[in-house]
There are 2 protein chains.
Amino acid sequence: MENHAKEYNVEEFERPSVTVDVILFTIKENKLKVLLIKRGAWPFEDMWAIPGGFISMDESLEHAAARELTEEAGIENVYLEQLYTFGDPKRDPRTRVITVAYFALVDSAKLKQSEKTDKEVTGSKWFPADTLPNLAFDHEKILKYAVRRLRYKLEYTAVGRELLPTDFTLTELQKVYEIILYKKLDKRNFRKKLASLDILKETNRYKRGHHRPAKLYSFRKNVELKSGFKSVQFEK
Amino acid sequence: MENHAKEYNVEEFERPSVTVDVILFTIKENKLKVLLIKRGAWPFEDMWAIPGGFISMDESLEHAAARELTEEAGIENVYLEQLYTFGDPKRDPRTRVITVAYFALVDSAKLKQSEKTDKEVTGSKWFPADTLPNLAFDHEKILKYAVRRLRYKLEYTAVGRELLPTDFTLTELQKVYEIILYKKLDKRNFRKKLASLDILKETNRYKRGHHRPAKLYSFRKNVELKSGFKSVQFEK
DNA sequence: GCAAAAGTGTTCAATGTACACCCATGC
DNA sequence: GCATGGGTGTACATTGAACACTTTTGC
């Protein structure tokens, strides 16, 4: 059939540009936050955008996403998951740009170091996921999609761990869920569920604060992010 | 920051080729089947592949997917959903090719017409999803991913409707679920669940066969594909 | 009248949800 | 000693799973 002949001459086809964009989430100040970057040039100059960039010809998509995170946020080894590919012909006024969006999760404690070194130098800033500035391109749509996916994932898997240090208290874990799902959870039910899932292990250390010390827990190794916290219906 | 300067000169970047591949599922002969196309040229000449092709510069990704379905399978207006984007640098020996995979569902009755006209002319063939030939490129991986997603979707949404004509019997619907989930379901529980979901409406027509006639049902309009049939755990 | 698919309810188990009090520490 | 967050169990409702017989038709 004719298509095969066409396929052979790969070079005949005009090629779009391909980027990766990475929505990086963290929790700070009891809020879900997203890292955005101020654009310095046309188009959408001075507007905020999701960090991203062009893929190299010899790197995988995931590698490109990880590289962007290092370059633009100075962080490494974070949870990274492909979200969706946005390819509307008019989404970038310069030329045809298809973007493969990823989302990433990082414990805010991990940010502290890099934050001090290149703070504001990069023109990047953390915004609360529920009060965003106007965004460049179709980035608002992408970001909203990412938030939906994050919520969904949180209910059905244990991705919450990616937003916490290795050791944490049960109350801290519950807060992660409450912040992202945007609703209060019942302490006893939450803990009962955790116990039944058998994904945590106690340490024998405690977090001491101003009140009664809280036992520290960590996730079991080899818990393949699964098993959920269904408490809201998301699809509509 | 330096990246913005780079971004401005979009043209400086080498561009990959971008294709869409579409995994088209249907149910025939009580099996889940997938449409594959025999390759006519290097690379992977004479091997079977998922239908797909290059995107045009002025069409959306979804449009490209729909167009491929029309060109390669002669069908239109089917359920189409973006699956995942595969971009390993070595997945195509010719050059860097990133493919945005979609999956599509079609009622086999809808195929009958086009089937007769261009059968075998296109070098395409329906394979049972569980007994595939060796596939070109990374298409086996893509296809397995599609099957997983289809199962998942079937449990949590009402996509099953896309594999049936507008009117169908409850037994036919149950068979769709059994074939895809690859397990027997209990007739009474299945019907009780359907009733509670309130997504079907009775017609006053019956399907007459060799035995007792079965009432025909259709899906309510505006049932946004949701609400599920959880009966197996999929993630692992 | 008999073979074959259509249709229909109840019981039990597991899971989810609501809810209130004592405990250990810092100050 | 008191304010504050840490920690724990029980009763009820909802959902899922197992299970068998009668009905209606074509032949």
Side-chain angles (χ1 to χ4, degrees), chain A residues 29-30 152 154-158 164 167-179 181-218 226-235, chain B residues 30 151-152 154-158 164 167-179 181-218 226-235:
Chain A
E29 299 143 21
N30 282 330
Y152 180 83
L154 196 73
E155 292 197 284
Y156 292 102
T157 71
L164 287 170
D167 290 7
F168 49 87
T169 68
L170 296 182
T171 302
E172 287 168 346
L173 183 58
Q174 185 176 340
K175 252 193 185 129
V176 167
Y177 277 80
E178 290 180 338
I179 289 167
L181 299 180
Y182 208 75
K183 69 179 295 200
K184 282 249 166 281
L185 300 177
D186 179 88
K187 181 161 53 161
R188 279 172 294 188
N189 292 340
F190 184 79
R191 290 169 185 226
K192 186 160 21 120
K193 184 68 199 255
L194 282 175
S196 81
L197 292 174
D198 193 38
I199 53 179
L200 299 183
K201 63 169 185 276
E202 294 187 357
T203 67
N204 47 16
R205 298 186 306 108
Y206 288 82
K207 174 162 189 167
R208 308 187 79 82
H210 293 283
H211 307 290
R212 175 174 175 178
K215 181 157 267 189
L216 287 165
Y217 290 78
S218 61
K226 79 161 201 175
S227 57
F229 279 89
K230 183 146 127 217
S231 51
V232 202
Q233 274 306 97
F234 276 99
E235 297 210 35
Chain B
N30 282 329
R151 288 199 173 128
Y152 181 83
L154 197 74
E155 293 196 284
Y156 291 102
T157 71
L164 287 171
D167 290 7
F168 51 86
T169 68
L170 297 182
T171 302
E172 288 167 346
L173 182 59
Q174 185 176 339
K175 253 193 186 130
V176 167
Y177 278 81
E178 291 180 337
I179 289 167
L181 299 180
Y182 208 75
K183 69 179 293 202
K184 282 250 165 278
L185 299 176
D186 179 88
K187 181 159 54 161
R188 280 172 293 189
N189 292 340
F190 184 79
R191 290 169 185 226
K192 186 157 23 115
K193 184 70 198 261
L194 281 174
S196 81
L197 293 174
D198 193 38
I199 53 178
L200 298 184
K201 63 169 185 276
E202 293 187 358
T203 67
N204 46 18
R205 297 187 306 109
Y206 288 82
K207 174 162 189 167
R208 309 187 77 83
H210 292 283
H211 307 291
R212 175 172 175 179
K215 181 156 267 191
L216 287 164
Y217 290 78
S218 61
K226 81 161 199 172
S227 56
F229 279 89
K230 183 147 127 215
S231 50
V232 202
Q233 275 306 95
F234 276 100
E235 296 209 35

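Chain naming here is simple, since letters A, B, ... match the order of the sequence lines and numbering starts at 1 in each.
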- Of all the heavy-atom pairs spanning A:Leu181 and A:Glu155, show the shortest one and how long it is. CD2-CG, 3.8 Å

- Query: At their closest point, which heavy atom of A:Ala158 faces which heavy atom of A:Tyr177, and how far apart are they?
  - Reply: CA-OH, 4.1 Å

- How long is the line joining CG of B:Leu197 and C1' of D:dT15, in whole Å? 12 Å

- Item | d(CD, A:Glu178; P, D:dG5) in whole Å | 14 Å

- Message: Roughly what angle, to 10°, lies between the helix axis at the start of the helix from C:dG1-D:dC27 to C:dC27-D:dG1 and the one at its end, five pairs per end?
- Response: 0°

- Measure from CG on A:Leu185 to P on D:dG6 and round the result to the nearest Å. 15 Å

- Message: Go through it in stages, so that I can follow the logic: the residues are B:Thr171 and B:Arg191, the test is side-chain contact (heavy atoms from CB on, under 4.5 Å), and I'd like the CA-CA distance, side-chain angles, deciding distance and then a yes or no.
- Response: CA-CA 9 Å; B:Thr171 302; B:Arg191 290 169 185 226; 3.3 Å; yes

- Test applied, salt bridge (Lys or Arg N to Asp or Glu O under 4.0 Å); reference residue, B:Glu178; option that passes from B:Lys183, B:Lys184, B:Arg151: B:Lys184

- Message: With salt bridge (charged side-chain N to carboxylate O under 4.0 Å, His left out) as the rule and sequence neighbours excluded, what pairs involving residues 200-209 of chain A come up?
- Response: A:Asp167-A:Arg205, A:Glu172-A:Lys207, A:Glu202-A:Lys215

- Query: Could you give the CZ-to-C1' distance, from A:Arg188 to D:dG7, as a whole number of Å?
  - Reply: 10 Å

- Would you say A:Thr171 reaches D:dG6's phosphate, i.e. side-chain N/O to OP1/OP2 under 4.0 Å? yes

- What's the CG-P distance between B:Leu173 and C:dA6, to the nearest Å? 13 Å

Filtered N/O pairs between nucleotides 10-12 of chain C and protein, under 3.5 Å:
unit_1, atom_1, unit_2, atom_2, d
C:dT10, O4, B:Lys192, NZ, 3.4

- Query: Can you name the residues that form a side-chain hydrogen bond (donor to acceptor under 3.5 Å, both in side chains) with B:Thr203, not counting sequence neighbours?
  - Reply: none

- Query: Going 5' to 3' along nucleotides 21-27 of chain D, which nucleotides have protein heavy atoms under 4.0 Å from the base (write B), which only from the sugar-phosphate (write S), and which from neither (write -)?
  - Reply: --BBBSS

- note: A:Tyr177, atom OH; C:dG16, atom C1'; distance rounded to Å ~ 16 Å

- A:Asp186 CG - D:dT10 P separation (whole Å): 15 Å

- Drop me the distance from A:Leu194's CG to A:Asn189's CG, to the nearest 0.5 angstrom. 11.0 Å

- Note on the structure: Sequence neighbours excluded, the answer for side chain to side chain contact (heavy atoms under 4.5 Å, CB included) partners of B:Asn30 is B:Lys175, B:Ile179

- Evaluate the side-chain contact (heavy atoms from CB on, under 4.5 Å) criterion for residues B:Phe168 and B:Leu200: first the C-alpha distance (whole Å), next the side-chain angles of each, then the deciding distance (0.1 Å), finally the verdict. CA-CA 10 Å; B:Phe168 51 86; B:Leu200 298 184; 3.8 Å; yes

- Message: Nearest to the side chain of A:Arg191, heavy atoms from C-beta on, is which of D:dG16, C:dG7, D:dG7?
- Response: D:dG7

- Task: Begin with the C-alpha distance, continue with both residues' side-chain angles, and end with the deciding distance and a verdict on side-chain contact (heavy atoms from CB on, under 4.5 Å) for A:Leu173 and A:Phe190.
- Result: CA-CA 10 Å; A:Leu173 183 58; A:Phe190 184 79; 4.0 Å; yes

- Query: Atom NZ of B:Lys184 to atom C1' of D:dC19: distance rounded to whole Å?
  - Reply: 16 Å

- Item | Value rounded to 0.5 Å, distance of CG in A:Asp186 from NZ in A:Lys192 | 8.0 Å

